[in-house]
There are 2 protein chains.
Amino acid sequence: MEISHRNLTQQLTHELGKAILQGKYNEFKKLPSEADISTEYDVSRTATREAIKMLTAKGLISSRPRQGIKLKDIKNWNLFDTDVLRWILLGKPDLYMLKHFLEVRLAIEPAAAALAAKFASDDELMRIEHTLSKMKFEQSGYDDTHQADIDFHKSILLASNNPFFIQLQTFIETALKVNLHFTNRADAVSEKEYQQHVDIFTFIKAGEEQKAFDAAATTTKSTIRLVEEKITELKLLNLQE
Amino acid sequence: MEISHRNLTQQLTHELGKAILQGKYNEFKKLPSEADISTEYDVSRTATREAIKMLTAKGLISSRPRQGIKLKDIKNWNLFDTDVLRWILLGKPDLYMLKHFLEVRLAIEPAAAALAAKFASDDELMRIEHTLSKMKFEQSGYDDTHQADIDFHKSILLASNNPFFIQLQTFIETALKVNLHFTNRADAVSEKEYQQHVDIFTFIKAGEEQKAFDAAATTTKSTIRLVEEKITELKLLNLQE
DNA sequence: AGGTCAATTTTGTATTATAAATACTATTGT
DNA sequence: ACAATAGTATTTATAATACAAAATTGACCT
C-alpha cells in the first residue's frame, strides 16, 4: 500500500481502520505485527505504533507483548466515532446496517426535534429554515444533491442545545448517506419529503414539542418498515436457492 | 504527578484525559508541549506522544508543529467514548450535565425497550429478569447497591439486537451513576421504582412495543422535570446574590 | 510600511537499543 | 509417562537520539 509523505500516522490509521471495517482481518482475529505493518506500508515503527494507539483508542484493537495486535469484539468499537463512521461508510454497509442506523435515527431525531421545539434560539431556528430553502433549490436540481437535506437534520441536532445530541451530527449524516446509498437516487428530494421537513420545522418554531416529535418519527418509521420488508424478501430468496 | 512503572502510555492518557475533563487546561486552550509533559510526568517522549495520539483519536486535542497541543472544541469530543465518559464522571458533572444525560436517556431507553419487545431472544429476556431478581435483593440491602438497577438498563440495550444501542451501555451506565451522584442515596431502590422496572420487563416479554416504550419513557420524563425545577431554583438563587 | 527570508520552536518520523510480558520448548526429577 | 520448572524466543513497551518538516517570529532590506 502506497502512503505518501505527510501525516504518516494519520494516513496509516485511516488505511488500517478502513481495512478493519472492510473485514479484511476478521477471519484470523489477528493483525500483522508492528514490524510487518511497518514494512508493508513502508513507514517507521514509530508511525506504526502511533497508528495502532489511535485505533486502540477507538476500541477497534488491542495489543499485548508476545500476543500481537488483535481485533476486539464489535461491542468494544466506538461506533459513534467520526472516523469509525467514515470507515463503516467505506465498507459498503448492508441492509442490516441500514436498519440499525434507522432504528437509532428513530430514537434520536424525534427527541432532538422535541428539544429544539423547547430550546432553539432564533439563530438556530434561522439556520434550520435556511437549509429548507436550500432544499427547495435542490428540488429544481441545483446545488449539491441532498446535502441540504442532511444539513436540515444536522441543524435540528444543533438546536437541541444538548452536547450529546450535537455530537451525533456525524452519526446522523452517515446514517442518511447509507440510506441514500441504498435508495440510490441521484434525483432531487421529492415534494412530499420536502413538505414533511417543513412540517417538522413549523412545529419546532411553534414550540410544539409533541407534534415535532411525532412529525419527525413518522417518516423514519415508514422507512424502517420498507427496509424490514426488503430484508424478509431477501431472506426468502436465499431460502429458495 | 507520579506514574508507576507499567502501562505508561495508558496511565498518562488517563491522567491527561482526566485533567482535561476537569477543565484544567480550558483557560488557555493550550496544553504543555510534548517535552514539558514528558518531564512533568517523568516518562519518555515516546510514551507521551502515544498518549497524545490516543487523546487525539478521542477528539479531545489536536497537535501541529510549532503550534503545540491544543484543546479542541467540545463538539469534537467523542462524548460516547468509554474513557471520555469515565473522565466526565470523575470531573464532577453539574446539574446541566445531568439534564443532558437524562435527555439522551429519554431518547435511547424507550426506543431500546421497544426494540427489545420486538427482537429479544429467550436468553436476553432471562438476563433482564435476572437483574430484576437481583434488584429485589438490593431492596433488602444486600449486594452492590444499585448495580442491579444499572444492569437492568444495560440488559435491555443488549436485547435490542442493535450494535449501536449495545454500544451505548457505558453511556447509560454513566448517566445512571451521575444521577445517583445527585440524588445521593446510599439506600436501596424503592418499591415504586422496582415496580416500574417490572412493568417495563413485562411489556418487553409480551412483545408490546408501544407500551414498553411508554413505560420506559414515563419515569425518565418525571426525573427530567425534577431536575429542570432544581435548575430554575438555582438560577433564582444566583439572581438574588 | 511592507514584504522577504532566515532563525527558532515544536511536532513528525526514523533508527537503535533495551526492558518487559508471555507463549512456547526443553529439561529435569519423580 | 508426566508434571513442574527453568530456559528460550517472540512481540510489544519504553527510552534515547537524530534529523526532517511545518509554522511562527523577527530581523533585515528596500
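Below, all heavy atoms of this structure are taken into account, side chains as well, without hydrogens, waters or symmetry copies. Note on naming: letters A, B, ... go to the chains in the order of the sequence lines (proteins, then strands), and numbering restarts at 1 for each one.
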Rounded interatomic separation in angstrom, taking CG from L12(B) and C1' from dA15(D): 14 Å
Rounding to an integer number of Å, can you tell me how far I37(A) CD1 sits from dT11(D) P? 12 Å
Atom CG of L8(B) and atom P of dA19(C): how far apart are they, to the nearest Å? 15 Å
Hey, can you pull the donor-acceptor pairs under 3.5 Å for the side chains in residues 61-73 of chain A, sequence neighbours left out?
| from | atom 1 | to | atom 2 | distance (Å) |
| --- | --- | --- | --- | --- |
| D73(A) | OD1 | K75(A) | N | 3.1 |

From K24(B) atom NZ to L16(B) atom CG, the distance as rounded to the nearest 0.5 Å: 10.5 Å
side-chain contact (heavy atoms from CB on, under 4.5 Å) against K177(A), all qualifying residues, sequence neighbours excluded: L89(A), I150(A), E173(A)
E50(A) CD to dA13(D) C1', straight-line distance once rounded to whole Å: 14 Å
Any base atoms under 4.0 Å from T46(A), or only sugar-phosphate, or nothing? Heavy atoms, all strands. base
Do any pairs count as a salt bridge (Lys or Arg N to Asp or Glu O under 4.0 Å) and have a residue in residues 89-100 of chain B, sequence neighbours left out, and if so which ones? K99(B)-E103(B)
For R45(B) and dT17(D), give me the distance from atom CZ to atom P, rounded to whole Å. 13 Å
In numerical order, the residues of residues 54-70 of chain B whose heavy atoms come under 4.0 Å of DNA chain D are R64(B), P65(B), R66(B), Q67(B)
Please report, rounded to the nearest Å, how far the C1' atom of dT12(D) is from the NZ atom of K53(A). 8 Å
Can you tell me if T9(A) touches the phosphate of dG12(C), counting only side-chain N or O atoms and a distance under 4.0 Å to OP1 or OP2? no
Please report the distance, rounded to the nearest Å, between CD1 in I52(B) and P in dT10(C). 14 Å
Does a side-chain N or O of S44(B) approach OP1 or OP2 of dT14(D) to a distance below 4.0 Å, or not? no
Output all residues satisfying ring pair (Phe, Tyr, Trp, His ring centres under 6.0 Å) with F101(A), sequence neighbours left out; order by chain, then residue number. F171(A), F164(B)
Rounded distance in Å - CZ (R49(A)) to P (dA19(C)): 17 Å
Carefully, step by step, assess W87(A) and H14(A) under the rule side chain to side chain contact (heavy atoms under 4.5 Å, CB included). CA-CA 8 Å; W87(A) 299 329; H14(A) 181 67; 2.9 Å; yes
H100(B): which residues meet the ring pair (Phe, Tyr, Trp, His ring centres under 6.0 Å) condition with it, sequence neighbours left out? none
